[in-house]
Structure formats: C-alpha cells, structure tokens
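Written below as structure tokens is the structure these notes are about.
Below, all heavy atoms of this structure are taken into account, side chains as well, without hydrogens, waters or symmetry copies.
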2 protein chains.
Amino acid sequence: MRVNEKAATIYDIAKLAGVNPSTVSRALTTPGRINATTEAKVREAAKQLNYRVNPFARALPTGKTKTIAFMVADITNPVFFKLVRGAELAAAEVGYTLVIAESQESSLVESATLERILPSVDGVILGTTRLSDEEISALNQQKPVVLVNRKVDGVSDVVPDNSPGIAEAVKHLADLGHKHIAFVAGPAASWINTDRWNHLMKNAVELGMTIAEISSNEPTLEGGKGAFERVRAAGVTAVVTYNDLMAIGLLREATAAGVTVPTDLSIIGFDNIFGSDFTNPPLSTIEMPLQKIGAEAVETLLKSFVAEDDEPMHGTSEVTSLLMRGSTGKAKA
Amino acid sequence: MRVNEKAATIYDIAKLAGVNPSTVSRALTTPGRINATTEAKVREAAKQLNYRVNPFARALPTGKTKTIAFMVADITNPVFFKLVRGAELAAAEVGYTLVIAESQESSLVESATLERILPSVDGVILGTTRLSDEEISALNQQKPVVLVNRKVDGVSDVVPDNSPGIAEAVKHLADLGHKHIAFVAGPAASWINTDRWNHLMKNAVELGMTIAEISSNEPTLEGGKGAFERVRAAGVTAVVTYNDLMAIGLLREATAAGVTVPTDLSIIGFDNIFGSDFTNPPLSTIEMPLQKIGAEAVETLLKSFVAEDDEPMHGTSEVTSLLMRGSTGKAKA
DNA sequence: ATTTGTTTGGCAACCGCTTGCCAAAAGTTG
DNA sequence: CAACTTTTGGCAAGCGGTTGCCAAACAAAT
C-alpha cells in the first residue's frame with residue numbers, strides 16, 4: 001500500500017517539542033511572536049519530523065490559497081509560452097503555485113473553467129479574449145484580475161507598449177525607401193490589434209508613407225496566407241502583420257507565388273515567437289518582452305492581494321523593440 | 001471593498017432547505033443516498049444560493065485534492081506544449097485541475113518545487129530528466145507518478161512507441177537509395193535517446209545500411225549546428241537527429257555551409273514540433289502523438305487513484321509515424 | 001399484528017491549521 | 001517592593017466539508 005506513514009502535523013511537532021500546537025503554528029508562521037529558544041526547539045522538531053504544512057488546512061481558516069490561475073486561450077500558441085514561463089517563475093519564487101487553464105478559444109469553456117478554478121485561487125491572470133468587458137469587471141469583483149492582452153476599465157493590466165517597437169519598424173522601412181506599406185490586421189475585436197494599427201498609422205503618416213489596412217484575418221498561418229492576394233493588390237512594397245504566425249503564412253505564400261522576400265516584398269511580424277527565425281529568410285519582427293510581462297502580471301497580482309483599496313494597477317510600460325532579421329530589405333524601385 | 005458577500009456554504013443551504021448540513025453534503029456528493037425529493041430540494045437551494053463547494057474544505061477530511069501536477073524541464077520547449085495541452089484537457093474533463101511546474105533543467109529546483117507542490121496534489125506527471133531512478137521511485141511511494149519520457153522500474157509510464165515511426169523512416173531512406181546514414185544523438189542519459197538509437201540501429205542494419213552515431217549533443221539548435229562538422233566527416237548521405245530542434249540547427253548550418261538539403265544531405269528529425277515546417281525545406285520528421293500521451297498520462301494517474309494495488313501501469317503503446325516533408329530526397333550518387 | 005429489513009436524515013467528531021482572548025511569567029519603573 | 005507593562009504560550013473556537021453511527025420512519029414478510 002502506498003503512503004504508509006501519514007504526513008506529520010503540528011500536533012506531532014507539539015508533542016515532540018513539548019508545547020501547544022498553537023505555539024507551533026506561531027513559531028512557524030509568525031517569527032518573533034514566540035521566544036527564540038522555544039521557536040528553535042519547534043523548528044528542530046519540525047525538521048526532525050520532516051514537516052510540511054498542509055496547504056489545504058491552512059487555506060481553510062485563512063482563505064488564502066497561495067495559488068494563482070493563468071487562463072490562456074490556447075496553450076499551444078507560442079505567444080503564451082514565455083508569458084506562462086515568466087509567470088511561473090515569478091510565482092514559484094514567492095512560494096505561489098501557478099495553475100494554468102485553457103479556454104480553447106471558447107467562451108463557454110472559458111466561463112466554466114473559471115467557475116471551477118476560481119474558488120481555489122487567490123487571483124487570476126487573463127490572457128484570453130472571449131470574455132466581455134462586463135464579465136471581466138464582474139470577475140474582478142470576486143478575485144483580483146490582471147489582464148495581459150487587453151485593457152478594461154477598472155481592471156489591472158500589464159500590457160506591452162507597442163509604440164517604441166513600431167516606431168523603430170516604421171523608421172526602418174522608411175530608411176529602406178518604402179513609401180507604401182500595409183498592415184495585415186488580426187481579429188477586429190482585439191485590443192492589441194487596434195493598438196498596433198493606431199501606432200502604425202500614426203508613425204507611417206508622420207514619415208510621409210501611405211499605409212493600407214488589410215482588414216480582419218484569423219491570426220494564424222492560414223490567415224496570413226489568405227491575406228497575400230490582398231497585399232499584392234494593395235501594391236505595397238512592405239507589410240507589417242498582426243503577428244508572426246500571419247507573417248510566416250504570408251511569407252510562405254509569397255515565396256510560393258514567386259514573390260521574393262525581401263527583394264520584392266518586405267515583411268515584419270510581431271512577437272518574435274518560437275520558430276520565427278526558422279524561416280527563409282528569417283523573419284524580422286517586433287519583439288515583446290513576454291516573459292517579463294508574465295512575471296510582472298504575477299507581481300501585480302501579489303501587490304493587489306495586500307492593497308487596501310481596489311485601485312487598478314498598470315504595468316510599468318514594457319518596451320518593445322524591432323528585431324531585424326532577413327525579411328526586410330530595400331524597397332523595389 | 002472586494003468580495004462583499006462570502007460564498008455560500010452547505011450550512012446556508014441546510015438552513016434554506018430546512019435540513020441538516022450532513023444531508024446537504026450527501027445530497028450533493030452521494031446521489032441516491034438521500035431521498036429524491038429531499039435531494040431535489042437541496043439542489044434547488046444550492047442553485048438559488050449559487051453554491052460552489054470549497055475545494056479546500058473538501059480536501060481536508062478526504063485528502064483528495066482533485067489536482068494533478070505536471071512537471072516539465074522547460075516550459076518553453078515546444079515538445080511540452082502538446083503534452084501539457086493533452087493533459088490539461090483530459091484533466092479538465094473530469095473536473096481535475098492541472099498545476100504546471102518547471103524545473104528549469106535544474107535538479108535543485110526540481111526537488112524543491114516537487115516538495116512544495118506535492119502536498120497539494122493527488123499525483124504527478126513527470127516530464128523531466130534530472131531526478132534519478134531512485135528519487136522517482138521514492139516519489140512514487142508518496143504519490144502516484146506517471147512518467148512520459150522515460151521508464152523506471154515499478155513506476156507507471158506512458159511513452160511513445162518509437163519503433164513504427166523509425167521503421168518507416170529508415171525504410172524511406174533506404175528506398176531513396178541511402179546506404180550510409182548517421183544518428184545525431186542527444187543527451188546520453190536520456191531514455192528516449194537510447195530507445196531511438198536502438199531502433200534506428202536495428203532497422204538500419206536489417207536493411208543493409210551502415211549507421212554512425214554522432215555522439216551526445218545538447219538537444220538544441222546549437223547542438224544540431226555543432227554536430228554538422230562531424231556529420232560531414234562521417235561521409236553519410238542522410239542523417240536522423242535526436243529531435244527537431246537539432247535537425248533544424250543542422251539544416252541551417254548545412255545550408256550556410258553550402259550543403260543543399262535534401263540534394264546533398266537528407267535530414268529527419270523527431271517530434272514534429274511547432275515551427276518544424278517553417279524551415280526551407282520543411283523538415284521531415286517522426287511525429288509523436290504528444291497530445292494523446294499527455295491525455296493518457298492523466299487517465300493513467302486517475303486509474304491509479306482508484307487502484308487497489310500499486311502495480312505500475314504502462315500506456316497502450318502510442319504509435320509514432322513518419323511525416324514526410326521536404327528535407328529528405330534521393331541519395332547523392 | 002408482530003418481527004425483520006431498509007431507507008432516510010440527524011448528530012457529532014474530525015481533517016490540520018489559525019487566531020482572538022486570556023492568564024501566567026518576566027521585565028520595568030519610581 | 002508595589003504597580004504596571006510586555007512577553008510568552010495555552011485554550012478553544014472556528015474554517016467548510018465528510019462520514020461513521022444511530023434512531024426514527026417506513027416497507028416487507030410472517
């Protein structure tokens with residue numbers, strides 16, 4: 001039979017150390033509350049019994065679970081890896097456990113999973129898209145929420161500051177002689193999509209370029225592929241896509257159609273996902289500090305656990321930057 | 001102030017329904033134990049109060065946490081995505097929560113994290129490499145363990161059956177006229193590495209080919225890159241690498257050195273990771289049913305929760321297969 | 001009608017830890 | 001040395017469920 005001896009409890013320690021269980025609890029959780037000598041005695045007994053606090057027993061009276069949920073739309077989306085890693089590391093560092101849940105891009109699954117998980121966590125990091133602003137606000141009433149890919153009034157967030165990366169990218173294209181560029185848009189409802197487009201437009205106009213929006217596409221390889229015809233029709237020499245996946249789809253479709261990148265067409269993606277340098281040529285992209293964002297999301301949550309008020313917090317702008325690789329080049333004359 | 005009204009408890013329900021709390025507990029957890037009418041009344045009251053069982057309160061007396069830990073060496077390793085997704089989906093389906101933890105390829109972190117997480121989970125899925133067989137056996141004494149990337153005596157596992165994919169691959173190379181091939185090995189201590197090499201060698205010899213082992217490399221892009229010189233020195237026309245990452249590194253290094261793939265050298269990887277089709281040419285690879293393995297690992301764990309004995313279980317062999325893409329071609333004359 | 005068996009639901013102890021309250025012990029102060 | 005303050009550690013009541021045990025209520029069998 002497995003697990004012969006049950007785990008030691010504070011009662012075992014108390015008996016061994018010859019004190020009351022409450023003293024053990026205090027010695028272990030409230031340094032200073034108990035006489036140093038007694039505390040040492042308790043700690044010694046605890047070590048001897050290989051004591052591990054039972055997180056459930058502790059969570060019951062305190063209501064604190066030391067667990068954070070990270071909900072993502074799709075675990076296999078490479079954008080989330082680094083985000084999750086950053087969060088996991090930051091959480092582990094302070095003794096918190098990270099639960100990750102996937103909504104599979106379904107609002108039903110998203111709500112159901114949240115329902116199930118909510119009682120057992122102290123807070124939630126949301127990297128999903130299906131919930132409405134109202135639902136998120138409502139959720140935020142129950143447990144602290146931090147958003148990593150959108151903004152909602154009254155809710156904390158840690159989102160990348162797209163502007164520096166975009167400014168760099170547009171400048172880079174202008175320097176290469178591009179006059180007419182396009183943006184292959186992602187989901188219309190996406191906050192990030194709108195943010196990227198706005199910055200892009202502003203910067204392009206400022207540098208005297210024209211910029212066309214190739215409207216709403218699936219943010220996937222297919223979506224990028226499907227936008228190629230329209231990019232070509234737009235008659236531009238350079239294009240920025242909503243994300244790397246689309247950029248790669250576009251790049252491959254272009255190559256297949258005999259359009260050489262970057263000679264005939266320059267392409268810039270967003271995110272610097274895993275594999276974006278596997279392509280030929282390797283993709284130039286605007287990099288997001290995703291791991292940092294994940295870590296900061298956890299820190300923000302931690303802060304809100306101890307905050308007096310419910311004031312939403314906003315991540316110190318995480319700066320993006322252009323990663324120049326091989327998919328951008330001089331504009332075709 | 002957040003969270004004004006506390007969550008409803010079975011006591012609230014009991015009061016509303018006019019029964020004893022124990023009746024509520026039974027009505028909700030042991031269908032049939034209580035009179036159908038009473039049960040309906042309780043359920044109605046529960047719904048009315050929007051009752052959610054407190055997982056911690058439940059875990060205390062039962063010792064069951066309905067949580068499974070999945071420990072991986074490196075979250076950002078694409079091999080783990082699908083594994084984790086499969087596990088997450090399978091867990092969610094039966095109301096279990098998946099906690100994911102990363103050991104960062106460090107045995108210290110691995111032990112520490114395990115220590116921290118163990119008390120709050122019912123079982124562990126291990127996709128790491130740093131623990132010794134003994135440590136894993138010891139762990140298995142405490143909580144059920146399922147391995148997904150190695151085998152340890154007396155411990156359950158769900159590992160891919162490399163043989164069919166490898167047989168296909170070697171046959172494929174033989175059909176293309178290759179006589180001398182090589183295997184770019186991964187970590188020497190890895191069970192999977194050994195398993196792959198053994199099958200490869202057996203199949204190659206059976207088909208009358210020679211096969212060289214390019215010994216132990218880091219299982220990374222760099223590792224693949226670093227093996228190129230030795231592959232070239234081996235004078236082979238085709239090479240199979242320990243994993244896709246290495247295959248891609250090798251492919252890129254070969255291309256950079258003026259060796260054309262697949263004309264001059266055929267390359268086959270393992271795993272079909274995200275992005276392995278981004279390369280030029282797209283990588284031929286032996287695909288693992290990773291998501292299925294992840295799901296089955298959870299199912300195996302679930303079974304062991306209810307098993308009488310501690311007999312280790314072994315996943316119904318998950319079959320691999322060759323995914324032919326562009327990196328394999330006719331052997332150079 | 002009496003005995004026996006089965007449902008049904010209440011009682012209360014317990015899971016392991018936290019914490020408010022209190023009294024004894026020890027330390028300060030004039 | 002009395003009066004007061006601070007430190008220290010014990011007591012016991014929860015936190016929100018689960019479950020063994022038991023008795024009342026009901027059904028079936030004789």
- Task: Sugar-phosphate means primed atoms, P, OP1 and OP2; the rest is base. With that split, encode nucleotides 4-14 of chain D 5' to 3' as B, S or - using protein heavy atoms under 4.0 Å.
- Result: ----BBBBB-B
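At a threshold of 4.0 angstrom between heavy atoms, the contacts of B/Ser25 include nucleobase atoms, whether or not backbone atoms are also involved.
Remark: B/Leu60 CG to A/Arg58 CZ distance equals 12.5 Å, nearest 0.5 Å. Rounded to the nearest 0.5 Å, atoms CD1 (B/Ile13) and CZ (B/Arg43) are 10.0 Å apart.
Atom CD1 of A/Ile13 and atom P of C/dG16 are 12 Å apart (whole Å). The NZ atom of B/Lys66 sits 15 Å away from the C1' atom of D/dT18 (whole-angstrom rounding). Atom NZ in B/Lys64 sits roughly 16 Å away from atom C1' in D/dT19 (whole-Å rounding). Atom-to-atom, CZ of A/Phe56 to C1' of D/dT18 comes out at 15 Å; the value is rounded to the nearest Å. Protein atom CG of A/Leu60 is 14 Å distant from nucleotide atom P of C/dC15, rounded to whole Å. For the pair A/Arg58 CZ and C/dC15 C1', the computed distance is 16 Å after rounding to whole Å.
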- Between B/Glu135 and B/Ser132, does a side chain to side chain donor-acceptor pair (under 3.5 Å) hold up when you go through it step by step? CA-CA 5 Å; B/Glu135 289 171 307; B/Ser132 69; 3.2 Å; yes
- Task: Let me see the working for A/Arg150 and A/Ser190 under side chain to side chain donor-acceptor pair (under 3.5 Å), right down to the final yes or no.
- Result: CA-CA 8 Å; A/Arg150 63 194 283 187; A/Ser190 154; over 6 Å; no
Got a list of side-chain donor-acceptor pairs under 3.5 Å for residues 29-36 of chain B, not counting sequence neighbours?
from    : atom 1 : to      : atom 2 : distance (Å)
B/Thr29 : OG1    : B/Ser25 : O      : 2.7
B/Asn35 : OD1    : B/Thr37 : N      : 2.7
B/Asn35 : OD1    : B/Thr37 : OG1    : 2.9

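B/Thr97 and A/Arg116 are linked by a side-chain donor-acceptor pair at a separation below 3.5 angstrom, with hydrogens and angles left out of the test.
Terminal axes of the helix from C/dA1-D/dT30 to C/dG30-D/dC1 (five pairs each, C1' rotation axis) are separated by 30°, to the nearest 10°.
Counting only heavy atoms from C-beta outward, the side chains of A/Val158 and A/Val146 approach each other to under 4.5 Å.
By the 30° and 60° cut-offs, the orientation of the rings of A/Phe274 relative to B/Phe81 is perpendicular.
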